[in-house]
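Both ligands and their constituent atoms are indexed starting at 1 by order of listing. Only a predicted model underlies this, so the values are computations on that prediction, with no experimental measurement involved.
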Amino acid sequence: MATSTALAHPNIAFIKYWGNRDNALRLPVNGSISMNLDGLFTRTTVSFQPSLPFDELIINGHAVMGKGLTRVSYILDLVREMAGLKINAEVMSENNFPAGAGIASSAAAFAALALASSRAAGLTLSEAQLSRLARRGSGSASRSIPAGFVEWQMGNNEEDSFAFSIAPVDHWNLVDCVAIVNSAHKKTGSTEGHAIAGTSPLQNARVADTPRRLEICRNAILNKDFEAFANIIEHDSDMMHSVMMTSNPPLMYWQSATVEIFHQVREWRASGLPVGYTVDAGANVHVICLGDSAKEVEKRLRDLPGVSNVLVAGAGGAAQVV
Ligand code: PMV
């Protein structure tokens, strides 16, 4: 029996990935930039056991079958193929944050799975290989493999579509205050969302403009220019949600509390508080601020109607074996 346990953080995208040029390989139509979230994590143990008649998946103590298990077995199949193994595995995973609510639970999950399963199979993959493997489970998971501030290059093919660090964890003291307005599991997951992104007439324009946004965001991070950073992440998030809302069928992830937070954040920034917002495929708002202001931002968010909780996370490290 070969067992390995790995831990990975979710990440928040500052320049978003939305839409694939190859849905099966999860090759994106555009590059993206994110920050790993410290304190939030998925811990996954994979053990290959010759006695198992099929793969087993247990998430937070509950056995999972159907689509969830199929997605995990797909990654295990890739690992078995690389390692020349023919045995099934038990996968036990736990999260310390709500899953499926726009907090990139699949990113942390598939990053931890890629690392734990490859190690349990006796493979020692490079960071780029791990990032590619995680990408096959969930595109954004490619970005939860490297540490700190991360860019996922779209690449030209399967081999060069992986993520790498553009700055280490301690480069810039950014904090994500995630305002939870709805912790329920979203109705339309990102896999379905990516598949219909191209039905929006706005998607081509969004994709064509991505190199510009990537450059502004990358430079804002490298130069620690908060004003430029806040403006570009809000612009990018609004562009992705415009595509979502205008696709067929339309996807509307925002709740009224989501929009109320946008207005507040912009007012706070205008009055000198360093904050900016970004939203993934859910209603919860990631309010990004400088570390010195995190306490104040958290307090203000908690006072807003419709906000049931606030999760606070700084920049997180790489996926690691524990
Ligand atoms: O990795 P997926 O398939 O869960 O897609 C992630 C999509 C967004 O969270 C909305 C954007 C991103 O880049 O993380």
Side-chain angles (χ1 to χ4, degrees), residues 8-37 40 42 67-68 71-72 74-75 95 97-114 131-146 149-154 161-163 176 178 185-198 200 203 206-207 210 213-214 217-218 232-245 247 251-254 258 277-286 288 316 319:
H9 301 292
N11 66 74
I12 177 62
F14 297 144
I15 300 298
K16 312 288 191 188
Y17 145 57
W18 196 246
N20 290 317
R21 54 190 206 275
D22 183 321
N23 282 316
L25 292 174
R26 293 184 193 266
L27 293 175
V29 289
N30 63 273
S32 52
I33 291 177
S34 61
M35 177 179 92
N36 287 345
L37 299 177
L40 310 179
T42 297
K67 268 199 218 156
R71 241 172 121 176
V72 164
Y74 175 66
I75 297 300
N95 287 314
F97 58 96
I103 315 174
S105 52
S106 64
F110 282 101
L113 177 68
S131 174
R132 284 168 48 205
L133 178 61
R135 189 199 78 221
R136 302 285 288 269
S138 179
S140 57
S142 66
R143 299 189 310 244
S144 279
I145 294 288
F149 298 84
V150 173
E151 179 161 352
W152 171 17
Q153 61 185 14
M154 60 183 283
S161 186
F162 58 83
D176 182 2
V178 194
H185 211 285
K186 62 197 170 202
K187 283 195 209 83
T188 309
S190 37
T191 300
E192 292 90 340
H194 292 300
I196 59 164
S200 165
Q203 171 75 338
R206 190 193 72 90
V207 170
T210 308
R213 299 192 311 284
L214 283 170
C217 184
R218 199 186 299 120
I232 198 68
I233 66 170
E234 291 182 0
H235 180 55
D236 185 84
S237 173
D238 291 348
M239 280 176 84
M240 179 183 72
H241 285 271
S242 303
V243 167
M244 290 165 160
M245 288 176 209
S247 59
L251 299 175
M252 166 59 87
Y253 287 108
W254 298 347
T258 311
Y277 67 77
T278 183
V279 181
D280 279 347
N284 301 321
V285 186
H286 295 254
I288 316 293

query = In terms of side-chain heavy atoms, does S140 have a donor or acceptor partner in R143 at a distance below 3.5 Å?
reply = no

remark   = In terms of heavy-atom contacts, A8 and A112 come closest through CB-N, 3.6 Å

ask   = For the residue pair S32 and K16, what are the closest heavy atoms and their distance?
value = CB-C, 4.0 Å

ask   = Taking side chain as C-beta onward, heavy atoms only, is R71 less than 4.5 Å from S138?
value = yes

Does [X] reach ligand 1 with a nitrogen or oxygen that is under 3.5 Å from one of the ligand's nitrogen or oxygen atoms?
X    : value
M244 : no
K16  : no
S32  : no
W18  : no
T191 : no

Going by the order shown, which atoms of ligand 1 are within less than 4.0 Å of some heavy atom of [X]?
X    : answer
M240 : 10 (C)
D280 : 9 (O), 11 (C)
S190 : 2 (P), 3 (O), 4 (O), 5 (O)
G139 : 1 (O)

ask   = With a 4.0 Å cut-off on heavy atoms, is A281 touching ligand 1?
value = yes

ask   = What do you reckon, does S106 put a non-hydrogen atom under 4.0 Å from ligand 1?
value = yes

key: Exam field: side chain S247 to backbone M244, donor-acceptor pair closer than 3.5 Å   = yes

ask   = Taking the side chain from R26 and the backbone from R136, do they hold a donor-acceptor pair closer than 3.5 Å?
value = yes

message = Heavy atom to atom 5 (O) of ligand 1, shortest distance: which of H194, R26, R143 holds it?
response = H194

task = Under 4.0 Å, heavy atoms only, figure out whether ligand 1 is touched by the backbone of A13, its side chain, both or neither.
result = side chain

query = NE2 of H235 to CE of M240: how many Å apart, nearest 0.5 Å?
reply = 13.5 Å

key: Rounded distance [0.5 Å steps], CH2 in W18 versus CG in N30   = 11.5 Å

inquiry  = Parallel, tilted or perpendicular, judged at 30° and 60°: which one describes the rings of H194 and Y17?
reply    = parallel

